[in-house]
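Here the structure is laid out as structure tokens; the discussion comes afterwards.
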Amino acid sequence: MSIEPTTAPERGDFIRDVVAADLRAGRVETVVTRFPPEPNGYLHIGHAKAICLNFGIAQEFGGHCNLRFDDTNPVKEEQEYIDAIKTDVRWLGFDWGEHLYHASDYFEQLYAWAVHLIRTGRAYVDDLSADEIRDHRGTLTEPGRNSPWRDRTANESLDLFERMRRGEFPNGARVLRARIDMASPNINLRDPVLYRILHAAHPRTGDAWCVYPTYDFAHGQSDAIEGVTHSICTLEFEAHRPLYDWLIENLPVPSRPRQYEFARLNLTYVVMSKRFLLKLVQGGHVRGWDDPRMPTIAGLRRRGFPAEGIRNFVTAVGVAKDNAVHEYAMLEHAIRDVLNRTAARRFAVLDPLKVVIENYPEGEFEEMDVVNNPEDPSAGHRRVAFGRELWIERDDFMEEPPAKFFRLAPGREVRLRSAYFVTCRDVVRNDAGEVVELRCTYDPATRGGDSPDGRRPRATLHWVSARHAVPAEVRLYDHLFSRPDQGSDGRDLFEDLNPDSETVLQGCFVEPGLADVPAGETVQFERLGYYIPDAESTPGHLVFNRTLTLRDTWAKLQAQGRQDTA
Ligand code: ATP
Ligand code: MG
């Protein structure tokens, strides 16, 4: 049974079709896209989709993609986020070259355009408070009402707008609004706010400004300044498009970008709202924005997800217009697909049980030749020390094994991977009656893991030499939420947090080579899963994060689906 490859070739989609058609028809000469994050948090897996789409299209069609910080709200924005965003985009494999921009670079031009709108009768200063503006806005079924200030003269608005800029008024005292249509069926066209007063220092412009443009006013005009041809955003901006177009039409902008919308990425077990993610960080529910349970790019990286796997996942999801929720298992499948090919295999024992091989000479050791990656012959072999005393996994032994348990048990022979066959002869208990040691014998004729007489044990176990193994802390990660539809039926998201999303194991033993795994490299602990050294790991205190177990639930779901429909 074959599984759909997640490394599907680049597929076409409706946005790529539009771009191709524009190029063919000569409407566009060079494709320019942009990725416009607001630096009010770290990037998440949903942003990865927007990044792959915008940078991907620019690459495929020989254009370029701008990285533009949409930094119009200094109250929530920080330099830390700006730096993290750049790191994450690069790590995902994309390069903006010289095309790094900030909406704040355009504040002077945007201000001039706001003045232009006032002069041409298309904007006015409104003295209503935020609450009053909301009251006047109307609803989906009722038209809005005009502000009493809507018809003040252009000169009066110009004077007030200038004084807003000079800092004469407190936050919220006045705003600049477009004069469009308070009865429009599209609420975004009911005289939207273009500028608000915010006495707040900006990470880039400092105290130069105390009026800041809204997203709607900054966005399209920034696109136009940069010569963006295809301004690709998520579906919730579809209803903003008429405003986007209205502003472009009514301003002397240097180019005429067009906006296209696609569906956000949604995943089971994942919340992508930056506001919620910030609460997790501030409330100490996680180890920070890059906690391995976070759906942030930084979290996924710390968790051990390779960038290639994330890109493949995004490609497999595709670009559509319907808001679907994808299975988290599909992301995991794409990650395993890459790791299975690339991750070096290593031995690690998480819950150690001592094995003493009675007929193996005391104080003697030998080096076993072990394959690094059966999927990749070029990864070669390594030497792993073997001796009389070993650690194996506690749950690889049962004193009274049930029918389908083929691993170690009294009197039973198993293979130790790339080493020897061993047979359990006796168990040693502590005062509490717990098994603390297995006394075994080995068959010297089975060196390397095969018997000349063709004997084939039914189980192969991993192991480490007690004398050589290095202690490690291992952190097991599971979903941040205990249910795939966290927060459904009006439940508070915090109620659905999975109390077992992190399990920290101390006293694990890993083969000595694991002390030298470079940061950022995910390995496979044989039979257990994929693991990566944590950012906190030091030579004196190794820490590994579990990236994923080896069980591919997505592959299983796919296989079942195929059987069901067969
Ligand atoms: P939040 O509302 O949580 O702050 P945002 O969407 O406003 O998130 P931005 O920094 O403004 O965050 O997003 C930058 C770009 O990434 C936007 O073009 C946005 O449409 C896109 N994006 C954000 N979330 C997703 C998602 N889940 N799937 C696809 N694209 C997304
Ligand atoms: Mg946004």
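In listed order, ligands and their atoms are each counted from 1. Numbers for residues simply follow the sequence, beginning at 1.
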### Test item: side-chain donor near acceptor, D191 and H136, under 3.5 Å
no
### Message
Using a 4.0 Å cutoff against the non-hydrogen atoms of A50, which atoms of ligand 1 qualify?
### Response
16 (O), 21 (C), 30 (N)
### Task
Would you check the N or O atoms of K274, main chain and side chain alike, for any that come under 3.5 Å of an N or O of ligand 1?
yes
#### Entry: Pairing residues for F69 by the ring pair (Phe, Tyr, Trp, His ring centres under 6.0 Å) criterion, not counting sequence neighbours
H102
### Task
Provide the number and element of each atom of ligand 1 under 4.0 Å from a heavy atom of S273.
3 (O)
### Message
Run F35 and W96 through ring-ring contact (aromatic ring centres under 6.0 Å, His included) and show every step you take.
### Response
CA-CA 10 Å; F35 173 64; W96 54 87; 9.9 Å; no
### Task
Could you verify whether a donor N or O on one side chain and an acceptor N or O on the other, from S231 and R34, lie under 3.5 Å apart?
yes
### Task
Could you pull out all residues at least two apart from D127 that satisfy side chain to side chain donor-acceptor pair (under 3.5 Å)?
R152, R174
### Query
Could an N or O of ligand 1 be found under 3.5 Å from any N or O of L265, whether backbone or side chain?
yes
### Steps toward salt bridge (charged side-chain N to carboxylate O under 4.0 Å, His left out) verdict (R190, D181)
CA-CA 5 Å; R190 294 184 189 169; D181 179 5; over 6 Å; no
### Task
Tell me which one of R68, K49, H47, E38 gets a heavy atom nearest to atom 11 (O) of ligand 1.
E38
### Message
Tell me whether F276 reaches ligand 1 (any heavy atom closer than 4.0 angstrom to a ligand atom).
### Response
no
### Task
Check if H44 has a non-hydrogen atom at a distance under 4.0 Å from any atom of ligand 1.
yes
### Within 45° cone of Y212 ring axis and under 6.0 Å: R196 NZ or CZ
no
### Query
So is there a nitrogen or oxygen of T234 less than 3.5 Å from a nitrogen or oxygen in ligand 1?
yes
#### Entry: Any N or O of R264 closer than 3.5 Å to N or O of ligand 1
yes
